[in-house]
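Here is how names work: the chains are called A, B, and so on, in the same order as the sequence lines, proteins then strands, and each is numbered from 1. In this text the structure is predicted, and so the values were computed from the model without any measurement.
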Amino acid sequence: MDMDKLVSLCKRRGFLFQSSEIYGGLNGFWDYGPLGVELKRNIKEAWWQDMVRGHDELSTPAGAPEAYEMTGLDCTIIMHPQVWKVSGHYDLFCDMMVDCKETKKRYRFDQLRGRWVVAKGKRVFITTLAEAEQETEDLEKRALKAFNLRGKDAASLSWEEKSMSLDQVDDLANVFAPEAKEIGTLTEPREFNLMFKTIVGAMGTEEDAAFLRPETAQGIFVNFKNVLDSTRVKVPFGIAQIGKSFRNEITPRNFTFRSREFEQMEIEFFCHPNASRKWYEYWRDRRMKWYTDLGLAGERLVMREHAADELSHYSVGTADIEYAFPFLPEGEFGELEGIAHRGDFDLRSHMEGKLVKNAEGCLEVEMIPVEGKPDKLRPKHRGSGRDLTYRDEVTNEKFVPHVIEPSSGADRATLAFLCEAYHEDQAPDENGELQTRVVMRFHPRIAPIKAAVFPLVKKDGLPEIAQEIYRKLKAKFSAFYDEKGAVGRRYRRQDEAGTPYCITVDGQTLTDGTVTIRDRDTLEQWRVKVADVVEEISKRVM
RNA sequence: GCGGGUGUAGUUCAAUGGUAGAACGAAAGCUUCCCAAGCUUUAGGCGAGGGUUCGAUUCCCUUCACCCGCUCCA
């Protein structure tokens with residue numbers, strides 16, 4: 001499928017527009033038009049219905065270890081800044097970076113390591129990307145390169161002290177970048193704000209800085225105790241939330257795939273540590289099935305389990321549900337949803353403070369020296385100090401629940417459904433000649449318009465009958481009325497909008513009270529009584 | 001962020017240093033008993049800013065956006 005065709009159809013028919021288009025657009029921001037908002041809303045509502053509202057907590061779903069409860073939440077986009085410091089986003093999202101003017105590479109200012117060396121009367125800071133074991137070897141190799149020396153001249157290199165990170169170096173003009181051929185090619189360190197910063201309070205100063213959330217998940221964790229105290233839910237249970245998140249993507253690209261303002265559909269599922277692996281597997285399979293049930297059924301949808309070395313530091317398992325978007329190279333997939341086993345990382349963080357992995361591979365609170373007293377340590381980012389442990393009222397066991405996080409992108413799902421739906425096929429025109437037809441084959445549940453109603457011709461009282469049917473349909477779901485032009489043209493317009501059914505009032509309606517229903521995909525038509533139309537359509541689109 | 005490319009009507013595309021055209025689409029009307037091209041009429045455009053010039057959509061600069069590659073990706 002040609003992505004350009006889909007993009008222009010989205011614009012032409014009102015699925016997606018560029019944000020602020022009349023001012024030239026804004027990179028990484030997209031608006032949903034009249035059809036797009038219906039599509040996206042249907043996707044979000046299907047998710048909420050299937051995950052939360054329609055969930056049966058009295059019986060054990062297929063594949064689940066036991067019955068469980070589901071509940072919802074809607075929290076603010078701006079939260080206490082400490083939330084992001086403790087979660088790790090603050091440190092990770094506010095990096096200082098340096099660029100190499102020669103190689104166009106970019107490096108984390110605090111992660112690039114190197115060592116001062118003197119040779120030929122010049123003092124240069126040699127940097128390396130090598131792992132710790134190869135660091136000494138690579139530094140020597142790079143130093144020889146910097147001074148244009150041969151291997152046998154290694155003895156003329158006079159190394160200082162030991163290696164250090166680049167952020168302890170004041171003079172970048174004498175730094176030899178990792179892959180450069182010349183000295184002093186690095187720019188001054190620049191801050192990259194991957195979180196959107198804002199000010200709370202009219203007199204806002206830097207102390208009033210706050211952030212737009214980069215994920216909805218943290219709002220669930222910080223409300224964990226509130227939900228427990230207010231709802232009588234018992235572990236295992238899940239809290240679901242749909243909402244906007246914001247990330248200052250370095251390179252927004254590929255239509256809405258990587259947007260700076262986007263919407264997430266997230267579940268944080270809390271369970272006993274002993275059962276967490278089974279729950280992880282349940283949610284992984286359950287979420288995959290959700291997409292296939294809604295029509296992402298082809299080979300373009302895949303589940304990919306992360307390899308051990310790919311996992312976040314706190315995770316014991318992560319799977320991505322990925323889609324082969326047409327704008328990606330052949331064989332590549334883009335992430336729609338990540339299902340992560342997060343252990344007790346999040347709840348523990350909000351109790352104790354920002355966690356990091358220690359030498360033994362265990363999570364512990366990150367400590368830094370107290371200012372003025374270098375031998376005294378304090379937590380880098382302090383937690384809430386609240387007790388977020390859970391007590392099982394039957395066994396009386398106290399534990400920090402483990403978390404399974406199915407985190408889905410609503411805009412990415414919408415884009416995948418759009419890509420999957422786009423089809424061109426051949427349909428006969430009135431002369432019986434085959435013409436190319438563009439049809440959006442949405443699953444009826446997510447189709448923006450469920451049914452369109454036409455009088456075959458605009459006379460003989462047909463419009464009046466059609467309008468009456470239209471009103472009855474509209475009372476239950478989105479429907480569309482059209483009496484203009486040739487009926488074939490009206491069918492084709494609905495095909496492009498992805499409307500699954502078209503109802504046509506014709507001459508026969510006047511004599512036997514039946515109308516035709518036309519199927520978008522098969523073009524087949526059958527007759528039903530006017531009185532049965534609403535039920536006939538309802539059972540097919542719900 | 002870097003390099004290359006592209007910006008003309010809702011869409012797809014022309015042309016031009018001197019009044020910007022087409023097709024499809026849209027709207028109104030006629031026609032029409034089932035799958036877009038039967039007729040009539042109408043509306044609508046040079047991404048933005050600056051410069052050169054008597055005059056710029058065209059040449060130059062800046063900027064914004066999109067596409068491709070690199071970079072990045074919680």
Side-chain angles (χ1 to χ4, degrees), chain A residues 3-5 7-14 17-30 33 84 87-95 97-108 187 190 192 194-195 213-215 217-218 245 247-255 257-258 264 312-315 318 327 329 334-335 338 340 405 407 425-439 454-460 462 483-496 502-510 515-520 523-525 527:
Chain A
M3 198 59 200
D4 291 343
K5 285 184 178 174
V7 172
S8 83
L9 181 138
C10 283
K11 168 91 191 286
R12 185 156 47 80
R13 295 307 310 262
F17 307 125
Q18 216 181 343
S19 168
S20 318
E21 199 196 67
I22 61 168
Y23 288 105
L26 190 59
N27 190 281
F29 296 89
W30 297 88
W84 308 112
S87 72
H89 290 89
Y90 180 85
D91 290 343
L92 207 60
F93 278 31
C94 294
D95 294 333
M97 308 285 279
V98 290
D99 288 317
C100 177
K101 284 176 275 197
E102 181 190 320
T103 63
K104 308 301 179 196
K105 303 265 184 186
R106 173 175 297 154
Y107 308 100
R108 286 269 297 272
T187 61
R190 287 178 291 193
F192 277 74
L194 265 43
M195 278 198 292
R213 66 182 175 202
E215 62 173 34
Q218 297 303 322
S245 292
R247 296 177 189 178
N248 237 331
E249 296 289 350
I250 294 171
T251 315
R253 207 170 276 193
N254 290 331
F255 209 18
F257 183 77
R258 180 163 291 147
Q264 293 184 296
S312 310
H313 51 291
Y314 47 76
S315 184
T318 298
F327 47 76
E335 182 183 343
E405 179 189 78
S407 170
D425 65 10
Q426 303 285 309
D429 67 11
E430 57 184 350
N431 303 319
E433 286 173 39
L434 287 177
Q435 302 291 342
T436 298
R437 177 180 77 129
V438 173
V439 52
F454 311 142
L456 187 58
V457 291
K458 205 168 62 175
K459 60 184 184 187
D460 303 335
L462 303 188
E483 60 178 30
K484 301 283 172 56
V487 74
R489 183 186 299 266
R490 288 177 262 161
Y491 285 138
R492 296 298 173 87
R493 270 197 283 252
Q494 294 306 312
D495 290 338
E496 267 193 350
C502 291
I503 295 139
T504 304
V505 174
D506 59 14
Q508 195 179 329
T509 310
L510 299 173
V515 295
T516 63
I517 298 181
R518 175 244 197 203
D519 183 281
R520 174 195 68 201
L523 304 181
E524 279 168 16
Q525 285 182 292
R527 300 199 74 95

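- Atom CZ in A/Phe454 sits about 13 Å away from atom P in B/C35, given to the nearest Å.
- Between B/C46 and B/U41, the distance separating the two C1' atoms is 26 Å to the nearest Å.
- Applying the Watson-Crick and G-U wobble criteria (two distances, each under 3.5 Å), B/U32 pairs with nothing in any strand.
- Taking every heavy atom of both residues into account, A/Glu405 and A/Ala217 meet most closely at OE2-CB, 3.4 Å.
- Rounded to an integer number of Å, the gap from NE2 of A/His89 to P of B/C73 is 14 Å.
- To the nearest whole angstrom, the two C1' atoms, one in B/U53 and one in B/A23, are 36 Å apart.
- Nucleic acid contact for A/Glu249: base, since at least one base atom lies under 4.0 Å from a heavy atom of the residue.
- Base-pair partner of B/G7: B/C64 (Watson-Crick or G-U wobble, both distances under 3.5 Å).
- At the heavy-atom level, A/Phe29 lies nowhere under 4.0 Å from the strands shown.
- Base-pair partner of B/C13: B/G21 (Watson-Crick or G-U wobble, both distances under 3.5 Å).
- Of the side-chain N and O atoms in A/Asn27, one or more sit less than 4.0 angstrom from OP1 or OP2 of B/C66.
- Straight-line distance from the CH2 atom of A/Trp30 to the P atom of B/A65: 11 Å, rounded to whole Å.
- Contact annotation for A/Arg518: base contact, defined as any heavy-atom pair under 4.0 Å involving a base atom.
- A residue-by-residue look at A/Val438 and A/Val457 shows that A/Val457 has its nearest nucleotide of RNA chain B further toward the 5' end.
- Contact between the side-chain N/O atoms of A/Arg489 and the OP1/OP2 oxygens of B/G25 is found at a separation under 4.0 Å.
- The line from NZ of A/Lys459 to CD of A/Glu483 is 13.5 Å long, rounded to the nearest 0.5 Å.
- Between the side chain of A/Arg490 and the backbone N or O of A/Cys502 there is no donor-acceptor pair closer than 3.5 Å.
- You'll find that the side chain of A/Tyr491 is closest to B/C35, out of B/C35, B/C72, B/C33.
- Partner assigned to B/C46 is none, using Watson-Crick or G-U wobble distances below 3.5 angstrom.
- A donor atom on one side chain and an acceptor atom on the other are found under 3.5 Å apart for A/Ser245 and A/Gln264.
- Residue A/Arg493 places at least one side-chain N or O closer than 4.0 Å to OP1 or OP2 of B/A26.
- Between the C1' atom of B/A65 and the CZ atom of A/Phe255 lies a distance of 14 Å, rounded to the nearest Å.
- Using a 4.0 Å heavy-atom distance criterion, A/Asp460 is classed as a base contact.
- A sub-4.0 Å separation between OP1 or OP2 of B/U32 and a side-chain N or O of A/Lys458 is absent.
- Note: CD (A/Glu483) to P (B/U32) measures 16 Å, nearest angstrom.
- To the nearest whole angstrom, the two C1' atoms, one in B/G17 and one in B/C13, are 23 Å apart.
- Distance check on atom P: B/A56 versus B/A20 gives 14 Å, rounded to whole Å.
- For the atom pair CH2 of A/Trp30 and CD of A/Glu21, the computed distance is 9.0 Å after rounding to the nearest 0.5 Å.
- Heavy atoms of A/Leu9 sit nowhere under 4.0 angstrom from any nucleic acid atom.
- In this model, the phosphate group of B/U11 is not approached by any side-chain N or O of A/Arg12 to a distance below 4.0 Å at OP1 or OP2.
- Summary of the strand contacts: A/Arg492 and A/Ile22 both lie near RNA chain B, and taking for each the nucleotide with the nearest heavy atom, the more 5' one is attributed to A/Arg492.
- In this structure, A/Phe327 places its CZ atom 14 Å from P of B/C66, rounding to the nearest Å.
- The side chain of A/Lys459 sits closest to B/U32 out of B/C35, B/U32, B/C68.
- Among the protein residues, A/Ser87 comes within range of no part of the nucleic acid, since none of its heavy atoms lies under 4.0 Å from any strand.
- With both pairing distances under 3.5 Å, B/C59 is matched to B/G51 as a Watson-Crick or G-U wobble pair.
- B/C64 and B/A22 have their P atoms separated by 36 Å, with the value rounded to a whole Å.
- Counting non-hydrogen atoms under 4.0 angstrom, A/Ser8 reaches the backbone sugars and phosphates but no base.
- Residue A/Lys11 places no side-chain N or O under 4.0 Å from the OP1 or OP2 atom of B/G10.
- Enclosure of atom CD in A/Glu524 is not indicated, since only 12 or fewer non-hydrogen atoms of other residues, nucleotides or ligands lie within 6.0 angstrom.
- The gap from the P atom of B/C24 to that of B/U19 amounts to 27 Å, rounded to the nearest Å.
- Remark: the A/Arg253 side chain and the B/G69 base include a donor-acceptor N/O pair separated by less than 3.5 Å.
- Phosphate proximity of B/A27 to A/Lys484: absent, as no side-chain N or O sits under 4.0 Å from OP1 or OP2.
- With hydrogens and angles disregarded, no donor-acceptor distance shorter than 3.5 Å links the side chain of A/Arg520 to the backbone of A/Tyr491.
- Remark: the A/Gln508 side chain and the B/C33 base include no donor-acceptor N/O pair separated by less than 3.5 Å.
- Only the C1' atoms considered, B/G44 is 9 Å distant from B/G10, to the nearest whole Å.
- Among the protein residues, A/Glu215 comes within range of no part of the nucleic acid, since none of its heavy atoms lies under 4.0 Å from any strand.
- Of all nucleotides listed (B/C34, B/C66, B/C68), B/C66 comes nearest to the side chain of A/Gln18.
- Atom C1' of nucleotide B/C24 and atom CZ of A/Arg437 are separated by 19 Å, given to the nearest angstrom.
- With a cut-off of 3.5 Å on both pairing distances, the Watson-Crick or G-U wobble partner of B/C2 is B/G69.
- Here the closest heavy-atom approach between residue A/Leu462 and residue A/Gly507 is recorded as CD1-N, 4.4 Å.
- For the C1' atoms, the distance from B/C61 to B/A15 is 25 Å, rounded to whole Å.
- Distance alone, capped at 3.5 Å, places no donor-acceptor pair between the A/Asp4 side chain and the A/Val7 backbone.
- Rounded to an integer number of Å, the gap from A/Ile503 CD1 to B/C35 P is 18 Å.
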